[in-house]
K.L.:
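A single structure is presented below for examination.
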Amino acid sequence: QVQLVESGGGSVQAGDSRTLSCVASGRTFSGSAMAWFRQAPGKAREFVAAITWSRGTTYSGDSVKARFTISKDNAKNTVYLQMNSLKPEDTAVYYCAAASPDRGGFYSIRLERFYNYWGKGTQLTVSS
């Protein structure tokens with residue numbers, strides 16, 4: 001079993017930067033990919049970014065592509081989300097997700113169903 005713990009949320013001002021972290025623990029992590037999703041009040045969960053664990057190939061959601069960067073540290077079993085030029089509409093609970101190697105090809109890496117492990121989320125609030 002894999003546990004995911006997010007950190008780095010909080011309250012920031014529009015235009016600020018923030019980095020979220022997600023640590024995978026529980027057993028030696030040998031997943032295929034990790035990702036960030038977010039959910040704003042009253043809205044569906046939205047894909048933010050993903051990264052493949054072996055090659056580090058990254059994928060980004062259209063709404064954050066030019067501002068957010070996902071990265072990883074395999075030695076620390078940690079994935080990061082660097083967020084720049086934050087906007088009030090970035091306010092959401094940010095969830096970390098991980099996919100085990102048996103989840104299939106990366107054609108569905110932007111979809112929730114690709115991931116079988118989820119963190120509890122960290123709240124980010126951006127004020128104008």
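Positions are given from 1, in the same order as the sequence printed here.
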K.L.:
Could you work out, with side-chain hydrogen bond (donor to acceptor under 3.5 Å, both in side chains) as the rule, every residue matching S54, not counting sequence neighbours?
P.N.:
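Listed in chain order: nothing, the list is empty.
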K.L.:
Test of understanding: with side-chain hydrogen bond (donor to acceptor under 3.5 Å, both in side chains), list the residues that count as partners of K65, not counting sequence neighbours.
P.N.:
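K65 satisfies side-chain hydrogen bond (donor to acceptor under 3.5 Å, both in side chains) with D62 once adjacent residues are dropped.
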K.L.:
W118, L124: one ILVMFWY side-chain cluster at the under-4.5 Å cut-off?
P.N.:
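Unlinked, W118 and L124 end up in two clusters.
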K.L.:
Where is the tightest heavy-atom contact between L4 and A24, given as atom of each residue plus distance?
P.N.:
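That closest heavy-atom pairing would be CD2-CB, 3.6 Å.
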K.L.:
What are the two closest non-hydrogen atoms of N116 and S100, and how far apart are they?
P.N.:
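Looks like ND2-OG, 2.7 Å.
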K.L.:
What heavy-atom pair brings A49 and L81 nearest, and what distance separates the two atoms?
P.N.:
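The answer is CB-CD1, 4.2 Å.
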K.L.:
Which pairs, with at least one residue in residues 2-20 and sequence neighbours excluded, count as a salt bridge (charged side-chain N to carboxylate O under 4.0 Å, His left out)?
P.N.:
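Output for this query is empty, none listed.
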K.L.:
Does any pair with a residue in residues 70-93 pass salt bridge (charged side-chain N to carboxylate O under 4.0 Å, His left out), and if so which ones, sequence neighbours excluded?
P.N.:
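Residue pairs passing salt bridge (charged side-chain N to carboxylate O under 4.0 Å, His left out), neighbours aside: R38-D90, R67-D90.
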K.L.:
Could you pull out the closest heavy-atom pair between T78 and S21, with the gap in Å?
P.N.:
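It is CG2-CB, 4.4 Å.
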K.L.:
For residues T91 and Q123, determine if any side-chain heavy atom of one lies less than 4.5 Å from a side-chain heavy atom of the other.
P.N.:
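Contact flag for T91/Q123 side chains = yes.
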K.L.:
Give the minimum heavy-atom separation between G9 and L20, together with the two atoms involved.
P.N.:
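For G9 and L20, the tightest heavy-atom pair comes out as N-CD2, 3.6 Å.
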K.L.:
Indicate if V48 and Y117 have the same hydrophobic cluster label, given that clusters are the connected sets of ILVMFWY residues with side-chain heavy-atom separations under 4.5 angstrom.
P.N.:
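Both belong to a single hydrophobic cluster.
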K.L.:
Which ILVMFWY residues can you reach from Y80 by hopping between side chains whose heavy atoms are under 4.5 Å apart?
P.N.:
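So far as hydrophobic clustering goes, Y80 is joined with none.
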K.L.:
Any idea which heavy atoms bring S17 and S85 closest together, and the distance?
P.N.:
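Answer, listing the atom of S17 first, then S85: OG-N, 4.3 Å.
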K.L.:
Hydrophobic clusters here meaning ILVMFWY residues chained together by side-chain heavy-atom distances under 4.5 Å, can you tell me if L86 and Y95 are in one?
P.N.:
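Different hydrophobic clusters.
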K.L.:
Are M83 and V12 linked, directly or through intermediate hydrophobic residues, by side-chain heavy-atom contacts shorter than 4.5 Å (ILVMFWY only)?
P.N.:
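Same cluster: V12 reaches M83 through Ile, Leu, Val, Met, Phe, Trp or Tyr contacts under 4.5 Å.
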K.L.:
Show the numbers, then the answer: is there a side chain to side chain contact (heavy atoms under 4.5 Å, CB included) between Y94 and C22?
P.N.:
CA-CA 10 Å; Y94 284 74; C22 173; over 6 Å; no
K.L.:
Measuring only between side-chain heavy atoms, which start at C-beta, is I70 closer than 4.5 Å to F68?
P.N.:
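Not touching, per the 4.5 Å side-chain cut-off.
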K.L.:
Is any side-chain heavy atom of F47 closer than 4.5 Å to a side-chain heavy atom of V64?
P.N.:
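Not in contact.
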K.L.:
So, S128 side chain and P88 main chain: donor-acceptor pair closer than 3.5 Å or not?
P.N.:
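No; judged by distance alone, with no hydrogens or angles, the pair does not exist.
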K.L.:
Donor-acceptor pairs under 3.5 Å, side chain of residues 103-115 to any protein atom, not counting sequence neighbours: which ones?
P.N.:
from	atom 1	to	atom 2	distance (Å)
R103	NE	F114	O	3.1
R103	NH2	R113	O	2.8
Y115	OH	I109	O	2.5

K.L.:
Decide yes or no for C96 and W36: does some side-chain heavy atom of the first lie under 4.5 Å from some side-chain heavy atom of the second?
P.N.:
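Side chain of C96 against side chain of W36, heavy atoms only: contact under 4.5 Å found.
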